[in-house]
Protein chains: 2
Amino acid sequence: MADLETFYNLCMQKGLKITPQRIEVYKTLAACSDHPSVDAIYKRVKKVLPNISFDTVNRTLNTFNDIGAAFVVGGDNVKRFDGNLEKHHHFKCVKCRNIIDFKHNEFDNVKVPEHLGQMFKVLKTTIFVEGLCRTCLEKDNKLK
Amino acid sequence: MADLETFYNLCMQKGLKITPQRIEVYKTLAACSDHPSVDAIYKRVKKVLPNISFDTVNRTLNTFNDIGAAFVVGGDNVKRFDGNLEKHHHFKCVKCRNIIDFKHNEFDNVKVPEHLGQMFKVLKTTIFVEGLCRTCLEKDNKLK
DNA sequence: AACAAAATAGTAGTAATTCCTATATAGTAA
DNA sequence: TTACTATATAGGAATTACTACTATTTTGTT
């Protein structure tokens, strides 16, 4: 994730006020290498700002998502945020629904097709692999 | 989505019983070109099977996801199902969170890296593009 | 036709997320 | 600095999505 100064600029550009809550949520998310849920981030931020409310954390994260300072991953019950702006890709087990990051340089420079680039402002392109993880595969085999 | 006979075979292979509810959910999902939520599918199926319960629809869709007869898309609050097994890719607007399908032949034969293929049984590989759709872009510009 | 395992209907329950409103704060301009 | 206005926050209530539970029904098989 980018540094705080970039964050300040982004906020000013979007007309968002810089508040201690936003700064702390931003720093917390930036320090995560996993895909924390809102609740997980809330608990961590609460250690620094004990009075912060769950709603504020949730609203702030959604705001970050809107302005492209964070991304939502998942597709499951719990919304998870990805503050890792370093290029990486996702594998998702369709059974246990865990999402695992992986890096693969060849995937990092995928060219978006012309017609899409004209219709949308593209912020991010990732490869999304779905299948069965080893644990779920073994469970499947045992059932037979 | 594949035809009913393929569905029957898949069920037998996995030891799942073939019920009118499962058949109807399958047919309904197959007829959708969008990404319906559980609730949307429930409402449609209810027209044919008025007594079906929400729980059954939800459970059935999750079962389909488990056996690879459908996929979950989204990563937002509401779980959405994709019954379109034809090769296609997704664009997601980070702001309004709509997911739009697009086809691009060059994306259809992405090779999964060696180490991943060894760790997981890969069922599907798609390109996931995130950014801002035209509507949201225009709203953003108006705010300034 | 009878049986056992699996699936369903109809809630009730749980957990995640958003909404509401009074209060507090950030950024701006005098 | 001070005052002002728009925005943001805290706290809790409300809403929504999803899952769990149990009695009953059904499937696939003897």
Side-chain angles (χ1 to χ4, degrees), chain A residues 4 7-26 28 35-43 45-46 48-67 69-70 72-81 95-97 143-144, chain B residues 4 7-26 28 35-43 45-46 48-67 69-70 72-81 95-97 143-144:
Chain A
L4 272 183
F7 174 65
Y8 292 155
N9 290 335
L10 193 57
C11 285
M12 277 170 60
Q13 191 186 318
K14 300 279 177 177
L16 297 177
K17 291 182 175 173
I18 294 162
T19 66
Q21 291 88 343
R22 283 183 177 151
I23 293 170
E24 201 53 43
V25 169
Y26 187 87
T28 302
H35 307 127
S37 64
V38 179
D39 199 55
I41 298 166
Y42 170 60
K43 287 199 177 94
V45 174
K46 214 174 162 63
V48 184
L49 303 172
N51 284 327
I52 198 167
S53 71
F54 181 88
D55 186 42
T56 296
V57 175
N58 183 56
R59 198 171 5 82
T60 302
L61 287 167
N62 283 326
T63 305
F64 288 175
N65 182 72
D66 288 349
I67 64 173
V72 177
V73 294
D76 214 53
N77 301 348
V78 187
K79 203 188 269 186
R80 291 177 180 282
F81 286 85
K95 195 140 195 174
C96 67
R97 284 137 197 189
L143 289 179
K144 290 183 190 169
Chain B
L4 272 183
F7 174 64
Y8 291 155
N9 290 336
L10 193 58
C11 284
M12 277 169 60
Q13 193 186 316
K14 298 280 178 179
L16 297 177
K17 291 184 175 171
I18 293 161
T19 66
Q21 291 87 344
R22 281 183 178 152
I23 293 170
E24 201 52 44
V25 170
Y26 186 86
T28 302
H35 308 122
S37 63
V38 180
D39 199 55
I41 298 167
Y42 170 60
K43 288 201 176 91
V45 174
K46 214 176 163 61
V48 184
L49 303 172
N51 285 327
I52 198 168
S53 72
F54 180 87
D55 185 40
T56 297
V57 175
N58 184 55
R59 200 170 3 83
T60 301
L61 287 166
N62 283 325
T63 305
F64 288 176
N65 182 71
D66 287 350
I67 66 175
V72 177
V73 295
D76 217 53
N77 300 348
V78 187
K79 203 188 270 187
R80 292 176 182 280
F81 286 85
K95 192 142 196 175
C96 66
R97 284 141 196 188
L143 289 178
K144 290 180 193 170

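Labels below follow one simple rule: chain letters A, B, ... track the order of the sequence lines, proteins then strands, and each chain is numbered from 1. This structure is a prediction, so every number in the text was calculated from the model and none was measured.
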Would you say the side chain of B:K17 and the base of C:dA5 hold a donor-acceptor pair, judged only by whether the two atoms sit under 3.5 Å apart?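 Indeed there is one.
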Measure distances between side-chain N and O atoms of B:D55 and base N and O atoms of D:dA20, and say whether any donor-acceptor pair falls under 3.5 Å.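 Such a pair is found, so the answer is yes.
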Of the nucleotides [options], which one has an atom closest to the side chain of [X]?
X	options	answer
A:F54	C:dT18, C:dA9, D:dT9	C:dT18
A:P20	C:dT18, D:dT9, C:dA26	C:dA26
B:V38	C:dA26, C:dT17, D:dC18	D:dC18
A:I52	D:dA10, D:dG28, D:dT9	D:dA10
B:K79	D:dT9, C:dT18, D:dC18	D:dC18
A:N62	C:dT18, C:dA26, C:dT8	C:dT18
A:V78	D:dT19, C:dA16, C:dG27	C:dA16
B:T19	D:dG28, D:dC18, C:dA7	C:dA7

Determine: side-chain N/O of B:Q21 to OP1/OP2 of C:dA9, distance under 4.0 Å, yes or no.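 The answer is yes; a side-chain N or O of B:Q21 sits under 4.0 Å from OP1 or OP2.
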Looking at A:N51, does any N or O in its side chain come under 4.0 Å of the phosphate oxygens OP1/OP2 on D:dT9?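 No.
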Residue met sooner reading DNA chain C from 5', once B:R97 and B:L49 are mapped to nucleotides: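 It is B:L49 whose nearest nucleotide is closer to the 5' end.
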Between B:L16 and B:K46, which has a closest nucleotide on DNA chain C that is more 5'?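 Looking at DNA chain C, the more 5' nearest nucleotide goes with B:L16.
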Looking only at heavy atoms, which two atoms of B:I52 and B:Y42 are closest? And how far apart?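 That closest heavy-atom pairing would be O-CE1, 3.5 Å.
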Check this for me, if you would: do A:K79 and A:D39 make a salt bridge, where the nitrogen-to-carboxylate-oxygen distance has to be below 4.0 angstrom?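 A salt bridge is absent here (no side-chain N lies under 4.0 Å from a carboxylate O).
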Test side-chain contact (heavy atoms from CB on, under 4.5 Å) applied to A:Q21 and A:T56, A:V45, A:N51, the passing residue: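 Exactly one option meets the side-chain contact (heavy atoms from CB on, under 4.5 Å) with A:Q21, and it is A:T56.
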